[in-house]
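Taking it in order: structure first as structure tokens, then the write-up.
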Amino acid sequence: SFLNFGKYIAREIEENSDIGKEVAPFYKDKRLLITENITDLFCEAYDGCLKNGKDIWVERFPKTRLQALNMRKKKILPS
């Protein structure tokens with residue numbers, strides 16, 4: 001399955017969640033925002049895909065070393 005992380009971000013903005021409020025100005029201007037909250041949201045989305053028991057295709061994430069290290073810490077990426 002294809003993980004479209006942009007949809008998760010858009011949902012957070014639409015629901016006016018704390019993450020949505022943080023991300024909205026960056027998302028609108030198509031700027032990169034790097035926070036642990038974003039990586040956590042991605043990991044949540046990734047875990048949801050895993051529960052479906054399908055292979056996952058992720059495009060353009062992680063974008064930074066920090067995001068990759070956080071994903072490694074959550075055991076999404078190998079050591």
Contacts of Asn4 that satisfy side-chain contact (heavy atoms from CB on, under 4.5 Å) - sequence neighbours left out: Phe2, Lys7
Measure the spacing between OH of Tyr8 and CZ of Phe42 and express it to the nearest 0.5 Å. 9.5 Å
Gap separating the CD atom of Glu22 from the CD1 atom of Ile9, nearest 0.5 angstrom: 9.5 Å
Extract all donor-acceptor atom pairs below 3.5 Å that involve side chains of residues 27-36 and protein atoms in other chains or at least two apart in sequence.
| from | atom 1 | to | atom 2 | distance (Å) |
| --- | --- | --- | --- | --- |
| Thr35 | OG1 | Asn37 | N | 3.4 |
| Thr35 | OG1 | Ile38 | N | 3.2 |

Pairs satisfying side-chain hydrogen bond (donor to acceptor under 3.5 Å, both in side chains), at least one member in residues 12-21, at least two apart: Glu12-Ser17
Under 4.5 Å between side-chain heavy atoms, hopping through other hydrophobics if needed: is there a path connecting Leu50 to Leu41? yes
